[in-house]
Amino acid sequence: MSSQYDAIIIGTGIIGGAIGLELARRGSRTLNVDKLPAAGYGSTSNTCAIIRFHYSTAEGVAMARESYYYWLDWPKHIGAADEKGMAHYVNTGCVVIKEEESNYYQHVMSLLDDLKIVYRELDPKEFGEILPFVDTRRFGPPVLAGDHRFCEPTGDSIAGAIYIPESGYINDPQLACHNQQRGCEECGGEFQFNAEVVEILTRDGRVAGVKLADGSERFAPVVVNASGPHSFKINRMAGIEEGMRIRTRALKREVCHVPSPAGVDFNLRGTMFSDGDTGSYARPEVGNNILIGSMDPKCDPQVWVDPDDYDQSFSDQWRTQVMRKAQRLPALPIPEQQRGIVDLYDVSDDWLPIYDVSDLPGFYMAVGTSGNQFKNAPVVGKLMA
């Protein structure tokens with residue numbers, strides 16, 4: 001392995017791998033380094049890998065729309081064979097419940113209109129006809145489990161919903177990262193695993209490379225921070241965090257894995273749900289199961305952690321999330337055994353990703369991405385390159 005490169009990318013998750021792939025395609029000699037043993041073993045491996053368009057910014061919608069086409073023909077985008085096979089897109093459609101706090105998604109619908117993304121507005125009756133196993137009453141705004149109003153309806157009906165048919169998920173996010181690795185290697189890019197970055201090297205006022213935990217050094221005039229929940233630690237190493245007006249932190253997340261309601265084939269009849277009224281989202285999962293996550297309602301505490309030292313067990317939040325989803329899916333079982341994942345988001349102060357230069361010449365950032373940027377990775381790779 002060489003010690004001299006055109007660009008070093010810290011991270012081999014979906015964002016880091018996409019950047020390495022696109023830089024290598026442009027002729028750069030690249031090295032992706034990661035402290036973990038393989039591509040996508042970090043927070044990417046535990047993402048719900050949702051592909052959707054309902055963002056609150058024009059840039060977010062546009063990036064998701066363009067990335068969608070790369071996911072549709074993922075093998076063509078990768079451009080290389082992978083002995084492990086190829087990740088693929090599963091179309092489910094997405095239902096977005098209208099609620100007052102989001103102004104009934106009027107702004108989002110205008111953004112979808114601008115890019116001619118097909119959607120259909122549903123009144124409560126139509127929503128119930130499409131998904132006959134749901135409860136169309138209003139339950140929001142969400143409250144904590146100890147509140148007397150928890151799981152009690154607050155209105156006879158939701159305001160309606162939006163159905164966006166071109167929505168779904170990627171079946172294996174970790175495999176998608178391995179696919180990117182093989183595509184990058186096909187173009188000459190290199191990967192080094194079990195390689196923790198402990199220092200950002202500088203020379204003459206600009207970035208010069210990285211030092212690894214084993215004492216070895218890798219040199220490049222460009223270093224890209226795509227380290228996910230560890231991004232703030234890497235920014236501190238580079239000495240740029242103090243100059244950032246918007247910073248990132250690691251947020252603990254829990255995603256619940258529960259069986260579908262009895263008699264409901266959710267893989268066939270279900271869709272993705274974005275349900276601000278109950279403060280939860282969900283998508284179908286293989287084996288007629290449902291993945292359930294939180295939409296971060298204002299009442300919920302946020303658990304900011306050290307990504308190298310945090311409690312990886314489930315908390316009371318697991319049961320709260322499942323019970324909130326059971327408001328919409330009243331026959332949903334609430335198992336005693338907690339199943340699912342506990343991992344981290346890399347969250348910026350305003351929850352928008354940072355794709356930018358830094359105050360240190362040659363040091364770039366693709367950070368604050370966890371929770372909503374998996375779907376945009378193909379375009380992020382091109383943007384950063």
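Residue numbers start at 1 and run along the sequence shown.
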What's the spacing between I162 CD1 and L122 CG if we round to 0.5 Å?
9.0 Å
Interatomic spacing from CG in N267 to OG1 in T92 - rounded to 0.5 Å:
10.0 Å
Output yes when a side-chain donor or acceptor of N91 lies under 3.5 Å from a complementary backbone atom of P165, and no otherwise.
yes
Please report, to 0.1 Å, the donor-acceptor pairs under 3.5 Å made by any side chain of residues 237-245, with sequence neighbours excluded.
| from | atom 1 | to | atom 2 | distance (Å) |
| --- | --- | --- | --- | --- |
| E241 | OE1 | R236 | NE | 2.7 |
| E241 | OE2 | R236 | NE | 3.4 |

Considering the options I354, L352, V367, which one meets the side chain to side chain contact (heavy atoms under 4.5 Å, CB included) requirement together with I246?
I354
Output yes when a side-chain donor or acceptor of R283 lies under 3.5 Å from a complementary backbone atom of C48, and no otherwise.
yes
Note, D306 side chain near Y310 side chain (heavy atom, < 4.5 Å):
no
Provide the closest heavy-atom pair for T248 versus S231 in the form atom of the first, atom of the second, distance.
OG1-OG, 2.9 Å
My understanding is that only residues two or more places apart in sequence, or in another chain, count here; which of them pass side-chain hydrogen bond (donor to acceptor under 3.5 Å, both in side chains) with K298?
none
Quick check: are there more than 12 heavy atoms from other residues, nucleotides or ligands sitting under 6.0 Å from CZ of F193?
yes
Got a sec, which residues hit side-chain hydrogen bond (donor to acceptor under 3.5 Å, both in side chains) with D300, two or more places apart in sequence or on another chain?
Q317, R324
Ignoring hydrogens and angles, tell me if any N or O in the side chain of D346 forms a donor-acceptor pair with the backbone of G368 under 3.5 Å.
yes
Within the side chain of T136, is there an N or O that forms a donor-acceptor pair under 3.5 Å with the backbone of S157?
no
Rounded to the nearest 0.5 Å, how far apart are OG of S315 and NZ of K252?
5.0 Å
Donor-acceptor pair, distance only, cut-off 3.5 Å: does the side chain of D343 make one with the backbone of N46?
no
Distance only, no hydrogens: is a donor on one side chain within 3.5 Å (strictly under) of an acceptor on the other, for S294 and D296?
no
Distance check, rounded to the nearest 0.5 Å: M109 atom CE versus L111 atom CG?
10.5 Å
Whether the side chain of R206 engages the backbone of P221 through a donor-acceptor N/O pair (distance < 3.5 Å, no angle test) should be reported.
yes
Applying the 4.5 Å side-chain criterion to the ILVMFWY set and letting contacts propagate, would L291 and F314 be lumped into a single cluster?
no
Would you say I290 ends up clustered with F273 if hydrophobic residues are merged whenever their side chains have heavy atoms under 4.5 Å apart, either directly or through other cluster members?
yes
Non-hydrogen atoms of L332 and P259 that approach each other most closely
CD1-O, 3.6 Å
Locate the shortest heavy-atom distance separating A80 from G183; write the atom from each residue and the value.
CB-CA, 3.8 Å
One should read off an interatomic distance between E254 CD and T320 OG1, to the nearest 0.5 angstrom, of 9.0 Å
Name the residue from I51, I14, I50, V90 that meets the side chain to side chain contact (heavy atoms under 4.5 Å, CB included) definition with I170.
I51
If you look only at pairs with a residue in residues 142-152, which of them pass as a salt bridge (Lys or Arg N to Asp or Glu O under 4.0 Å), with sequence neighbours excluded?
none
Can you find a pair of side-chain heavy atoms, one from N235 and one from S358, that are under 4.5 Å apart?
no
Rounded to the nearest 0.5 Å, how far does CD1 of I292 lie from OH of Y281?
10.0 Å
Inter- and intrachain pairs under salt bridge (Lys or Arg N to Asp or Glu O under 4.0 Å), touching residues 52-64, at least two apart
none
For N103, I'd like to know if atom CG has over 12 heavy atoms of other residues, nucleotides or ligands within 6.0 Å.
yes
Residues which pass side-chain hydrogen bond (donor to acceptor under 3.5 Å, both in side chains) with K35, listed by chain and number, not counting sequence neighbours
D308
Can you check whether F191's main-chain N or O pairs, donor with acceptor, with N32's side chain at less than 3.5 Å?
no
So does D135 pair up with R137, basic N to acidic O under 4.0 Å?
yes
Those residues that, when tested against N288, pass side-chain hydrogen bond (donor to acceptor under 3.5 Å, both in side chains) (two or more places apart):
S260
Pairs touching residues 214-239 that satisfy ring pair (Phe, Tyr, Trp, His ring centres under 6.0 Å), sequence neighbours left out:
none
Do L144 and I334 share a hydrophobic cluster (ILVMFWY, side-chain heavy atoms under 4.5 Å, transitive)?
no
Backbone N or O of M63 within a donor-acceptor pair of the S67 side chain at under 3.5 Å?
yes
Hey, could you give me each pair passing salt bridge (Lys or Arg N to Asp or Glu O under 4.0 Å) that has a residue in residues 174-187? Not counting sequence neighbours.
E83-R182, R182-E185
Does a side chain donor of either T278 or S280 reach within less than 3.5 Å of an acceptor in the other side chain?
yes
The complete set of salt bridge (Lys or Arg N to Asp or Glu O under 4.0 Å) pairs with one or both residues in residues 360-384, sequence neighbours excluded, reads E22-K382
Any idea how Y70 and H77 line up, ring-wise: parallel (<30°), tilted (30 to 60°), or perpendicular (>60°)?
tilted
Flag the pair Q327 / M323 as yes when at least one side-chain heavy-atom distance between them is below 4.5 Å, and no otherwise.
no
By the ring pair (Phe, Tyr, Trp, His ring centres under 6.0 Å) test, which pairs, at least two apart or in different chains, include something from residues 353-374?
W71-F374
For residues 85-123, the ring pair (Phe, Tyr, Trp, His ring centres under 6.0 Å) pairs (sequence neighbours left out) are Y68-Y89
Taking N171 for its side chain and A87 for its backbone only, find out whether a donor-acceptor pair lies under 3.5 Å.
no
Does a donor on one side chain sit under 3.5 Å from an acceptor on the other, for E190 and Y5?
yes
When you measure from the side chain of N179 to the backbone of G85, do you find a donor-acceptor pair of N or O atoms at a distance under 3.5 Å?
yes
